[in-house]
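Notes follow once the structure below has been shown.
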Number of protein chains: 2
Amino acid sequence: MAVTIQDVAKAASVSVATVSRVVNNIPLVSEDTRQRVLAAIEDLGYEPNEVARSLKVRKTNTIGIILDDITRPQYTTVSRGATDACWMYGYNVILANTDSDEEKEESYLKVLLQKQCDGILVINRKVNDNFAEKLALSGIPVVLGTISDKEKKFTRVSIDNVKAGYDATKYLYENGHTDVGYIMASRDYYTVCEERIIGFNKAAEEFGLNAKEEWCVECVTTKFADNDAVEGYDAMEQILSSKQLPTAIFAANDEIAIGAIKCIEAKGLKVPADISVIGFNDYWISEWFKPQITTVSYPMYDVGAVCARQLIKKISSGIKELNADDSMIIPHDIVIRQSVKNLNE
Amino acid sequence: MAVTIQDVAKAASVSVATVSRVVNNIPLVSEDTRQRVLAAIEDLGYEPNEVARSLKVRKTNTIGIILDDITRPQYTTVSRGATDACWMYGYNVILANTDSDEEKEESYLKVLLQKQCDGILVINRKVNDNFAEKLALSGIPVVLGTISDKEKKFTRVSIDNVKAGYDATKYLYENGHTDVGYIMASRDYYTVCEERIIGFNKAAEEFGLNAKEEWCVECVTTKFADNDAVEGYDAMEQILSSKQLPTAIFAANDEIAIGAIKCIEAKGLKVPADISVIGFNDYWISEWFKPQITTVSYPMYDVGAVCARQLIKKISSGIKELNADDSMIIPHDIVIRQSVKNLNE
DNA sequence: ATGAAAGCGCTAACAA
DNA sequence: TTGTTAGCGCTTTCAT
């Protein structure tokens with residue numbers, strides 16, 4: 001049987017109220033009794049029961065993180081940033097992997113709510129209308145990390161994916177590429193990819209790029225694939241089957257880029273000599289891959305940390321209403337490596 | 001204000017006990033009242049408060065996972081397996097990243113205990129004596145995933161790292177390699193690497209391999225490195241500076257292998273033509289890397305799932321004593337790809 | 001400065 | 001079959 005506040009009170013010959021006061025550092029205790037209580041605590045090895053405390057104060061200091069799959073490098077780093085920030089502020093995190101399965105999303109959310117989480121962080125690839133409504137109805141603070149909701153109901157922390165897609169494409173243009181295409185993940189699962197392609201299209205139009213329809217392909221995402229490399233490979237194969245070939249491809253993430261590069265090389269072509277590829281996310285392997293992959297990077301760890309901070313801010317301020325005003329954009333960057341050839345030289 | 005069991009009782013004109021009975025599916029309720037209660041629950045949108053329940057029944061259905069860094073591919077997959085299994089059995093998981101920092105380990109453990117976790121899963125690279133003692137003292141079930149404790153106090157779920165190291169080395173030998181070396185991560189951080197090298201040494205002795213001291217290097221692990229590739233690179237550089245060169249290197253994990261291969265190529269040598277490299281873990285990129293990396297694989301997801309299952313079994317059986325009898329060994333495998341040359345052909 | 005006591009929302013004897 | 005009630009371990013008013 002664990003030792004309780006009662007035991008400590010008895011041992012120190014004080015009331016439980018006093019013990020509670022010293023445990024919670026409430027000043028109105030004489031130095032004398034404080035020491036006695038501290039001694040008793042030390043003595044008995046007392047540790048406060050957080051669930052009793054939570055019940056009483058109606059606060060658990062726990063937040064739920066709902067995400068697709070912690071195994072994906074993008075999410076794993078964001079989660080790490082979020083978790084670290086949470087612990088820093090005295091919050092624990094309960095992790096829920098949903099694999100974008102609507103049923104899981106709902107049931108996990110329900111459990112998180114029953115556990116009286118103080119707030120919820122969603123790092124899914126997508127939040128559909130149904131889930132968005134459930135989230136809104138939950139009555140606790142919610143922030144979205146890396147994803148967007150079309151109605152801008154929620155606080156969101158992310159990079160500017162449209163601009164990032166635009167920047168990547170612009171970089172291709174600046175390097176002399178005008179025949180360009182893209183490979184994106186299935187828009188059913190990745191809202192952000194969709195945004196990146198909006199940026200691509202914007203740049204294509206602005207710079208008068210020739211982005212033939214057959215060079216622009218959307219992957220058929222296998223829901224539970226470990227990574228997108230296979231899909232990138234297949235998509236590239238499709239692109240390479242067109243009569244005329246683009247000089248550069250914008251891959252919506254680095255795994256897709258890796259698959260695409262493999263495919264290009266399998267057909268006896270070279271990257272970047274024959275076809276250039278630009279990736280997205282700056283996954284660590286991109287630096288070690290051959291060729292080293294030029295990509296768009298952004299501080300995922302920071303995105304996670306900022307998410308958590310915004311969520312905790314909401315929790316402590318006691319504001320329950322949904323509000324997207326405190327959304328934040330985290331800056332991104334192009335990291336130039338070897339997979340894009342400069343056609344101007 | 002959230003709706004409570006009281007509200008439901010009132011709405012259905014029954015006692016809270018009856019509501020509790022229908023919520024918990026306790027049969028002794030007439031179909032009639034059950035329906036009335038169910039209707040009231042539906043009506044008010046009642047969700048049971050798990051923290052009140054936990055306080056009463058002294059069980060939280062929550063387990064804590066203590067691990068170094070969820071960001072590491074090995075751990076991330078193990079965690080995923082563990083988390084999935086937990087949810088399947090109705091348990092939530094609180095995640096604690098420690099970066100092998102002893103202070104964090106202790107304070108996170110304390111918090112997990114205060115939160116009244118029903119059990120603890122440790123997937124650290126190492127558990128030192130001090131932490132092991134704290135764990136043992138916690139009084140709740142503990143299982144270790146992928147790591148070993150020398151005194152075999154804890155239940156452990158893992159592959160047989162010694163045998164795996166032996167098998168990898170034997171594979172090198174079978175392919176005609178007798179001049180071999182290894183690169184291992186710092187033994188200060190990775191207990192498993194140490195075990196793998198024990199296997200290497202065993203094989204080296206058994207097959208009479210020539211494993212020169214200067215070909216066997218232990219990385220100087222930078223505590224918070226994203227990955228071990230840099231260390232693998234540096235270690236290989238050191239090996240390549242020896243007068244005579246080995247024909248094959250056993251890398252203690254795939255990231256190290258990637259770094260080593262990069263280094264070999266940077267010196268103008270080829271893998272596997274000049275030097276063979278065998279990795280460990282079968283990280284997905286190994287299949288996409290050039291050359292594709294021959295490696296030792298094991299089902300990390302399953303290790304995690306089995307960990308969780310063993311832990312939950314302990315929890316439900318109510319056995320608090322430490323006991324390593326239910327430890328489990330998960331089989332491993334050599335996956336043959338292109339980074340090891342067959343010298344016999 | 002300290003203590004008594006009510007009560008957070010729930011479960012589980014025990015009674016009826 | 002249903003209700004009453006005593007806690008689970010803690011915080012927090014309100015007295016003293």
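Quick note on labels: first sequence line is chain A, next is B, and so on, each numbered from 1.
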Exercise for review: Whole angstrom is fine here: how far is it from CG in A:N25 over to C1' in C:dA1?
Suggested key: 16 Å

Review point. Which of these nucleotides, C:dT11, D:dC10, C:dT2, is closest to any side-chain atom of A:V29?
Key: C:dT2

Check your understanding: Taking C-beta and beyond as the side chain, do A:T62 and A:Y91 meet within less than 4.5 Å on heavy atoms?
Key -> no

Review point. Going by an N to O cut-off under 4.0 Å, is there a salt bridge joining B:D84 and A:K104?
Key: no

Check your understanding: Do A:K153 and A:L135 pass the side-chain contact (heavy atoms from CB on, under 4.5 Å) test, and can you show the C-alpha distance, the side-chain angles, and the key distance before you say yes or no?
Key -> CA-CA 10 Å; A:K153 283 200 286 194; A:L135 243 18; over 6 Å; no

Point to revise | Carboxylate-amine/guanidinium proximity below 4.0 Å for B:D149 and B:R156 | key: no

Practice item. State whether a side-chain donor-acceptor pair under 3.5 Å links A:E106 with A:N130. Key: yes

Practice item. Mind checking B:S54 for me? I need base, sugar-phosphate or nothing, with any heavy atom below 4.0 Å counting as a touch. Key: nothing

Review point. What is the distance, rounded to the nearest whole Å, between atom CZ of B:R58 and atom C1' of C:dA12?
Key: 13 Å

Check your understanding: Counting side-chain heavy atoms from C-beta on, which of D:dT11, D:dT5, C:dC8 comes nearest to B:V16?
Key -> D:dT5

Practice item. Verify the contact: side-chain N or O of B:S15 to OP1 or OP2 of D:dT2, cut-off strictly under 4.0 Å; return yes or no. Key: no

Study note, to complete from the structure: Out of C:dA1, C:dT11, D:dT12, minimum distance to the side chain of B:I5 belongs to C:dT11

**Study point:** Along DNA chain D (nearest heavy atom to each residue), the more 5'-positioned of A:T18 and B:V14
**Key:** B:V14

Study note, to complete from the structure: Testing D:dT11, D:dC8, C:dC10 for proximity to the side chain of A:K56, the answer is D:dT11

Check your understanding: Is the base of C:dG3 touched by the side chain of A:R21 through a donor-acceptor pair closer than 3.5 angstrom?
Key -> yes

Check your understanding: In whole angstroms, how far is the P atom of D:dC10 from the CD1 atom of A:I26?
Key -> 14 Å

Review point. OP1 or OP2 of D:dT1 sitting under 4.0 Å from any side-chain N/O of B:R34?
Key: no

Review point. Would you say D:dT2 has OP1 or OP2 under 4.0 Å from some side-chain N or O of B:S30?
Key: yes

Review point. Whole Å only: how far is the NZ atom of A:K59 from the P atom of D:dT11?
Key: 14 Å

Check your understanding: Between A:D32 (CG) and C:dA1 (P), how many Å, whole number?
Key -> 12 Å

Practice item. Could you state the atom-to-atom distance from CG of B:L28 to P of C:dC14 in whole Å? Key: 15 Å

Review point. Within this structure, what is the CG-to-P distance between B:L55 and D:dA6, rounded to whole angstrom?
Key: 17 Å

Check your understanding: What's the CD-P distance between B:Q6 and C:dT11, to the nearest Å?
Key -> 12 Å

Check your understanding: Does the side chain of A:N49 get closer than 4.0 angstrom to OP1 or OP2 of D:dC8 through an N or O atom?
Key -> no

Point to revise | Separation between CG of A:L121 and CD of A:Q310, rounded to the nearest 0.5 Å | key: 11.0 Å

Check your understanding: For the side chain of B:T4, counting heavy atoms from C-beta on, which of C:dC10, D:dC8, D:dT11 is nearest?
Key -> C:dC10

Exercise for review: Look at A:R53 and D:dT11 and indicate whether a side-chain polar atom (N or O) is within less than 4.0 Å of OP1 or OP2.
Suggested key: yes

